[in-house]
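Inspection log for the structure reproduced underneath, given as C-alpha cells.
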Amino acid sequence: MKRENMKRKTRYTNQQVADLLYKIADLVAIKGEVIYRVMAYRKAADSIAHLGRDINEVWREGKLQEIPGVGQAIADKISELLSTGHMSFYDKLTAEVPPSLVEVLRIPDVGPKKARAMWQELGLTTVAEVKAAAEAGKLRALPGFGPKTEAKILAGIESLARRITDRVHLGVAFPAARDLVGALARLPQVRRVAYAGSLRRFCPTIGDLDILAATDDPVGVMAAFRQLPQVETVLLSGETKTRVRLIGGLEADLRCLDEARWGTALQYFTGNKAHNIKLRELALKQGFSLSEYSLKREDGSEILCAEEEEVYRALGLPFIEPELREDWGEIEAALAGELPRLVSIQDIRGEVHCHSTWSDGRASIEEMALTAEAHGYEYLVISDHSQGLGMTRGLTPERLRQQWAEIQTVRRKLQRLRLLQGTEVEIKADGSLDFPDEVLAELDFVVASVHSSLRQDRETITRRVVRAMRSPHVDAIGHPSGRLLTRREESAVDLDEVLRVAAETGTMIEINAAPERLDLDDVHVRSAVESGVSLVINTDAHQPGDFDNLLFGVATARRGWAGPEHIANTLPLEALLARKKGGA
DNA sequence: GCCGTTTTCGGCCCGACTGTTTTCAGTCG
C-alpha cells in the first residue's frame, strides 16, 4: 500500500539548501572558526537563495561551481545532499556543536562569541536555558558579560517571543517610513531626509527602517527623533545614530550626517551589504577606500559626494538603480555598460485584473473605473471572481452577463478610460476552469488563478496550472505562487515549468502588486525576462486605494531587471489585446 | 571557504555603539 512517492528521496528547494548553508555558517561561527569561512557559507547561501534556477538542475548539469561563492568544497557538500538526502559534514558538525544554538544566536546582542561562551562555560544550548540562567543571575559571571549584558539578553528573549515574525511587508513598512520621513522633514534643522535600506530597494519584506537626515545639528535632531509619538522605546542613541522600536514593533534607525556627504551615505545605507562590499572592493582596486563618509585616497585626502550618482561615477560606473543593488550581477553589468533599461510607473497604461462589489471588492465598478481614470489609465479590465470561489461571492455566467450591462452603463460616464470585462477565473483542483469555454470566449481578458487546494504536491499543482495555461481562453495566470508574505508560504508549484509553458503557449504571467503578494517574485521575474515570457503588472485592486500599490509591482519588475518591453500593460489597449493568444 | 587587472597564496569592507574594559571585544548593519 506504499505509494511510489513515499519511497522517493526528499527533494530540496533552493531555499532549503540555502537555509542549510546559513545554519552551517552559524554553527561554524559558534565553533570559533575563522570568520572568512563563515562568510563563505553565507555568500554561497545568498547566491543559491537568489539563483533563479532550480539548484537540482544546476547540479545535474555539473555546474554548481559556476554559482558565485560556490567552490569545490561547498559544491561537493551540495552534491552529496542532493544525491543522498544528507550531508555528512552537517551531521559531523551538529555532533560537535548543538544545532539548537542557532536559535540562541537569534537573540539580539548575542553573537557567536557570546553563544559559545554560554555553551562552553555553562552548558546552555537552548533559548529556554539561556533565559533561566539569565533570570538566575548566572550570566554576569562570564568573562566579557556583566549585569547589563545579562539584562539585555533577557529583554532580547522577550522581544523574540513577542514578535510573530521579524519582518513586515511593504504595505506596513512603506507608510511607516513615509510617516517618519515626513515628521523629520518638518524639523527646521533638517536639510534633507530620506529612507534608505531594503525599503528603498523595494525588497518584498523589510526587517527594519533606515532613515537618513542631513543636518548641522545632529544632537537636536536625535533628541527630536526620540520624542516622536511613533516611538515606543529607544534602543540605542549616539551622536550620529539612534535606533528605536516604533509602536507596532517595527524598528527604525536614524543616521545624521553632513549634507556634503549625502551621496556616500545614501549609497551606503541603501545597500545591500553584498553590493556595498563589491563596490568597496572595486574602490580599493582603484586606490580608494569607500565608506559612508567619503571616498578616501591613499594619501588620506577625501572626495565628498553630495549625490549618489557621484559615488558611482567616481568608480567609473553608471548610476545603478536601488532596485538592482543586490549583487545579482548589476556591478558586472554596469562595468560592461550593459545595465538594463527598467520599466517605470509612467510606462503602465492600464490594468487587466481588478474587482468590484460584484464579487469581493469593496467599491462599485463606477468607483473603480473613475479612480483608474484619475490615475491616468487608458484601460481597465473588471475581473471579478468566478462562481466556484464561494467566499468571494463569485459570479455565475448569468450574473456575469448582468455585470456586462452595468459595465456598459458605466462606460458612458468615462472620458478617456476604456472599460472592459474579464474575469479572474478559478483554476479548479484538477486544472479545469470554473467557467465553460463559451463564457470565457466572450470576455475581453481572462486571468486564471489558484485560490484553493494550495497544498497539493508539486507535480499535481504544476500539472493543474499548466493545464489552465494550455486553454486557448486563458490570457494570464494571476499571482502564480499563491504566497502571502509573512503569512503563508507559496504553493509547491514549479515556477520554472510554469514559465517554460508560458513561453511556449504565449500565456502572460502576472506580477501581482499587492504588497502581501508581490507574486510573481523578483527572482522569477528575472527568469521570465530571460526566457521571453510576457508579464503583466496588476494591483488586483479590491478598492480604489489599492491602485496606489502599483509602485510595488513595478518595483518588483525592476528588481527582476524587466524593461517596458517585457510588460504587456505598457502597451496601448489594441496592442495588448493583439498580444493575447489568438489575438489579431 | 573562495578567489585572481598584484596574487594559485594570502588576502578577504568599513564604521557606530555598548559594555566591560584600563585599551578593546563583540555585535550589528
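Taking the side chain of A:Lys114 as heavy atoms from C-beta on, and the options B:dC13, B:dT27, B:dG29, the nearest nucleotide is B:dT27. Distance from the side chain of A:Lys152 is smallest for B:dT18 among the nucleotides B:dG29, B:dT18, B:dC13. Distance from the side chain of A:Leu236 is smallest for B:dT18 among the nucleotides B:dT18, B:dC2, B:dG15. Of the candidates B:dT20, B:dG15, B:dG26, B:dG15 carries the atom nearest the A:Ser291 side chain, counting heavy atoms from C-beta on. The side chain of A:Asp253 lies closest to B:dG29, out of B:dT20, B:dG29, B:dG1. Taking every side-chain heavy atom of A:Thr149 into account, B:dT20 is the closest of B:dT20, B:dC17, B:dC2. Considering only the side chain of A:Lys113, B:dT27 comes nearest among B:dC17, B:dT27, B:dG29.
Within the 4.0 Å cut-off from OP1 or OP2 of B:dA16, at least one side-chain nitrogen or oxygen of A:Tyr293 is found. For A:Arg280 and B:dC13, the shortest distance from a side-chain N or O to OP1 or OP2 is not below 4.0 Å. In terms of phosphate contacts, A:Lys77 brings a side-chain nitrogen or oxygen within less than 4.0 Å of OP1 or OP2 of B:dG1. For B:dC17, one of the phosphate oxygens OP1 or OP2 lies less than 4.0 angstrom from a side-chain nitrogen or oxygen of A:Thr240. Regarding contacts with the backbone of B:dC17, every side-chain N or O of A:Ser237 stays at 4.0 angstrom or more from both OP1 and OP2.
Within the 4.0 angstrom heavy-atom criterion, only backbone atoms of the sugar-phosphate kind lie near A:Leu284; the bases stay farther away. When heavy atoms are screened at a 4.0 angstrom cut-off, A:Phe269 is found touching no nucleic acid atom at all. Among the atoms of the strands shown, only primed sugar atoms or phosphate atoms (P, OP1, OP2) are found under 4.0 Å from some heavy atom of A:Val110. Residue A:Val70 is in sugar-phosphate contact alone, with no base atom involved, counting any heavy-atom pair closer than 4.0 Å across all strands shown. As judged by a 4.0 angstrom heavy-atom cut-off over every strand, A:Pro112 is placed among residues touching the sugar-phosphate backbone only. Here A:Leu290 lies in heavy-atom contact (under 4.0 Å) with sugar-phosphate atoms only. At the heavy-atom level, A:Glu239 lies under 4.0 Å from the strands shown only through sugar-phosphate atoms.
Each of A:Glu150 and A:Pro68 lies near DNA chain B, and the nucleotide nearest A:Pro68 is the one positioned closer to the 5' end. Nearest-nucleotide mapping onto DNA chain B: of A:Lys296 and A:Ala115, the residue sitting toward the 5' end is A:Lys296.
For the salt bridge (Lys or Arg N to Asp or Glu O under 4.0 Å) criterion with A:Glu307, the lone passing option out of A:Arg313, A:Arg192, A:Arg261 is A:Arg192. Evaluated for a side-chain contact (heavy atoms from CB on, under 4.5 Å) with A:Val102, the options A:Val97, A:Asp26, A:Ile30 yield exactly one hit, A:Asp26. When the options A:Glu326, A:Glu330, A:Arg325 are evaluated for a side-chain hydrogen bond (donor to acceptor under 3.5 Å, both in side chains) with A:His275, the one that passes is A:Glu330.
Between the side chains of A:Ser301 and A:Asp299, a donor-acceptor pair is found at a separation under 3.5 Å. There is a side-chain donor-acceptor pair under 3.5 Å between A:Asp179 and A:Gln230. Side-chain contact, A:Glu490 with A:Ser481: no donor N or O sits under 3.5 Å from an acceptor N or O.
In this structure, A:Glu281 places its CD atom 14 Å from C1' of B:dT7, rounding to the nearest Å. One interatomic measurement links the two molecules: CG of A:Leu20 to P of B:dG1, which rounds to 14 Å at whole-angstrom precision. Rounded to an integer number of Å, the gap from CD1 of A:Ile35 to C1' of B:dC2 is 15 Å. For A:Leu282 and B:dT5, the CG to P distance is 11 Å, given to the nearest whole Å. At whole-Å resolution of the value, CZ in A:Arg261 and P in B:dG15 are 11 Å apart.
Side-chain atoms of A:Tyr36 and base atoms of B:dG10 include no donor and acceptor less than 3.5 Å apart.
Taking atom P on both B:dC12 and B:dC17, the two are 25 Å apart, rounded to the nearest angstrom. Separation of the C1' atoms belonging to B:dC2 and B:dT7 is 14 Å when rounded to the nearest angstrom. Nucleotides B:dG1 and B:dT5, compared at atom P, are 23 Å apart to the nearest Å. B:dT22 and B:dC13 have their C1' atoms separated by 29 Å, given to the nearest Å. Spacing of P atoms, B:dC28 relative to B:dT23, comes out at 25 Å, to the nearest Å. Remark: the separation of the C1' atoms in B:dT20 and B:dC14 is 24 Å, to the nearest Å. Spacing of P atoms, B:dA16 relative to B:dC9, comes out at 37 Å, to the nearest Å.
Ring-plane geometry between A:Phe89 and A:Tyr41 is classed as parallel, the angle between the planes falling under 30 degrees on a 0 to 90 degree scale with a further cut at 60.
The partner of B:dT8 cannot be assigned: no Watson-Crick or G-U wobble pair with both contacts below 3.5 Å exists in any strand.
If you look at A:Tyr268 and A:Tyr293, their ring centroids are not closer than 6.0 Å.
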